[in-house]
Asker: 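Below is the structure I would like to discuss, written out as structure tokens.
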Amino acid sequence: MSYGILFLRAIVGAVLFAHGSQKLFGWWNGPGPRGTAGFFGSLGFRPPLAMALLAGTSELTGALFAFGLLTPFAALAMAAVMVVAVGSVHVKNGFFMTNGGYEFNLVLWASAVAVAATGPGRFSLDRVLGLDDNLSGVWWGVGVLSISVLGGLLVLATREVVPEPEAAEAPMARAQETERERAESVTS
């Protein structure tokens, strides 16, 4: 079991660390903080630079997760950012990743919650430091699950939802059409 948990932690942690590095440092053809802030601004997050830095830092905790250091806290940061990603970008695209859906985010979120519940395993810095018995178990998993969902939903609730250009223009177009119809009925 320890080998499997180590493998899962290493892969999931490395993936999230790399993703955060794109946001914060522009590594691996990433947008860097300014580009990420622009994207977050377009999603209605305010202030966009602070939110971009927060998201990138949360994803950098993938390194802690990979090494099994303060594992449930790293899992919480990773899981919360996945909830926000799903709610702000992916849920409208459906489930499948091929359409920009949330399946990949769901797997990362579930992996973080599962490792928080089972613990980082024998091959972890938490074990070396004697922290693993106190920082794992079903209640840690329940805590990561609950707090990531509630915290993510709270972050989503604070953003300014920017309407799609077509949606913003639709009421104006209807009003113009109504006005045109009234003018035609008066002249006829």
Side-chain angles (χ1 to χ4, degrees), residues 1-33 36 39-40 50-91 93 95-98 100-156:
M1 182 166 86
S2 292
Y3 294 103
I5 296 292
L6 171 63
F7 185 74
L8 180 66
R9 277 193 357 254
I11 299 300
V12 171
V15 165
L16 275 161
F17 177 82
H19 203 62
S21 296
Q22 287 184 307
K23 284 182 174 72
L24 291 181
F25 311 124
W27 295 353
W28 300 294
N29 297 317
T36 304
F39 176 65
F40 274 54
M51 293 304 292
L53 295 174
L54 182 61
T57 302
S58 294
E59 292 170 351
L60 285 182
T61 63
L64 295 176
F65 191 79
F67 288 108
L69 179 62
L70 302 174
T71 306
F73 301 107
L76 176 59
M78 293 166 28
V81 82
M82 288 301 104
V83 171
V84 174
V86 167
S88 61
V89 177
H90 301 287
V91 74
N93 300 321
F95 179 73
F96 293 104
M97 197 171 89
T98 53
Y102 60 89
E103 70 176 313
F104 180 65
N105 306 90
L106 180 62
V107 170
L108 295 175
W109 176 82
S111 298
V113 171
V115 170
T118 62
R122 179 172 39 161
F123 305 112
S124 67
L125 291 177
D126 283 348
R127 172 68 61 95
V128 170
L129 297 171
L131 301 173
D132 60 328
D133 284 339
N134 296 321
L135 293 178
S136 64
V138 69
W139 290 112
W140 283 97
V142 169
V144 168
L145 186 152
S146 303
I147 296 170
S148 69
V149 170
L150 292 174
L153 291 174
L154 180 63
V155 168
L156 290 168

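This structure is a prediction, so every number in the text was calculated from the model and none was measured.
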Asker: Please list all pairs passing the side chain to side chain donor-acceptor pair (under 3.5 Å) test where one or both residues lie in residues 112-122, with sequence neighbours left out.
Answerer: none

Asker: Heavy atoms only: give me the nearest Pro120-Gly68 pair and the separation to one decimal.
Answerer: CB-CA, 4.1 Å

Asker: Mind checking whether Phe73 and Trp140 have parallel, tilted or perpendicular rings, split at 30° and 60°?
Answerer: perpendicular

Asker: State which residues pass side-chain contact (heavy atoms from CB on, under 4.5 Å) with Val12; sequence neighbours excluded, sorted by chain then number.
Answerer: Leu8, Leu16, Phe65, Met78, Leu108, Ser111

Asker: Mind checking what makes ring pair (Phe, Tyr, Trp, His ring centres under 6.0 Å) contact with Phe104, not counting sequence neighbours?
Answerer: none

Asker: Sequence neighbours left out, what pairs pass salt bridge (Lys or Arg N to Asp or Glu O under 4.0 Å) with at least one residue falling in residues 103-118?
Answerer: none

Asker: Determine whether Pro31 and Phe39 make a side-chain contact, defined as any pair of heavy atoms from C-beta on separated by less than 4.5 Å.
Answerer: no

Asker: How long is the gap from CG on Asp132 to CZ on Arg127, to the nearest 0.5 Å?
Answerer: 4.5 Å

Asker: My understanding is that only residues two or more places apart in sequence, or in another chain, count here; which of them pass side-chain hydrogen bond (donor to acceptor under 3.5 Å, both in side chains) with Thr61?
Answerer: none

Asker: Could you give all pairs that pass the salt bridge (Lys or Arg N to Asp or Glu O under 4.0 Å) test and reach residues 65-83, with sequence neighbours left out?
Answerer: none

Asker: Could you report the tightest heavy-atom contact between Val144 and Ala79, atom names first, then the distance?
Answerer: CG1-CB, 4.1 Å

Asker: Looking only at heavy atoms, what is the nearest atom pair of Gly119 and Ser136, with distance?
Answerer: CA-CB, 3.3 Å

Asker: Under the side-chain contact (heavy atoms from CB on, under 4.5 Å) test, which residues partner Trp139, sequence neighbours left out?
Answerer: Val142

Asker: Looking at Ala63 and Phe17, what are the two nearest heavy atoms and their distance?
Answerer: CB-CD1, 3.7 Å

Asker: Return yes when atom CZ of Phe25 has more than 12 non-hydrogen atoms of other residues, nucleotides or ligands closer than 6.0 Å, and no otherwise.
Answerer: yes

Asker: So which heavy atom on Leu53 is nearest to which on Thr57, and how close?
Answerer: O-OG1, 2.7 Å

Asker: Applying side chain to side chain contact (heavy atoms under 4.5 Å, CB included) to Leu135 and Thr71, what does each step give before you reach the verdict?
Answerer: CA-CA 7 Å; Leu135 293 178; Thr71 306; over 6 Å; no

Asker: Without swapping roles, check the side chain of Ser146 against the backbone of Gly143 for a donor-acceptor pair under 3.5 Å.
Answerer: no

Asker: With sequence neighbours excluded, give me every salt bridge (Lys or Arg N to Asp or Glu O under 4.0 Å) pair touching residues 79-91.
Answerer: none

Asker: With Leu69, which residues qualify under side-chain contact (heavy atoms from CB on, under 4.5 Å), at least two apart?
Answerer: Leu64, Leu125, Asp126, Leu129

Asker: Please assess Met51 against Val155 for the test side chain to side chain contact (heavy atoms under 4.5 Å, CB included), listing each intermediate value before the final yes or no.
Answerer: CA-CA 10 Å; Met51 293 304 292; Val155 168; 3.5 Å; yes

Asker: Does any part of the side chain of Val89, heavy atoms only, come nearer than 4.5 Å to the side chain of Tyr102, both counted from C-beta?
Answerer: no

Asker: Please round to the nearest 0.5 Å and tell me the distance separating atom CG of Leu54 and atom OG1 of Thr36.
Answerer: 12.5 Å

Asker: How would you list all residue pairs meeting salt bridge (Lys or Arg N to Asp or Glu O under 4.0 Å) that involve residues 1-11, not counting sequence neighbours?
Answerer: none

Asker: Got more than 12 heavy atoms from elsewhere within 6.0 Å of CZ, Phe95?
Answerer: yes

Asker: Measure across Asn93 and Gly101 and return the closest heavy-atom pair with its distance rounded to 0.1 Å.
Answerer: CB-N, 3.8 Å

Asker: Apply ring pair (Phe, Tyr, Trp, His ring centres under 6.0 Å) to Phe67 and list each qualifying residue two or more places apart in sequence or on a separate chain.
Answerer: none

Asker: Quick one: list whatever passes side-chain contact (heavy atoms from CB on, under 4.5 Å) with Ala55, sequence neighbours left out.
Answerer: Lys23, Phe40, Val81

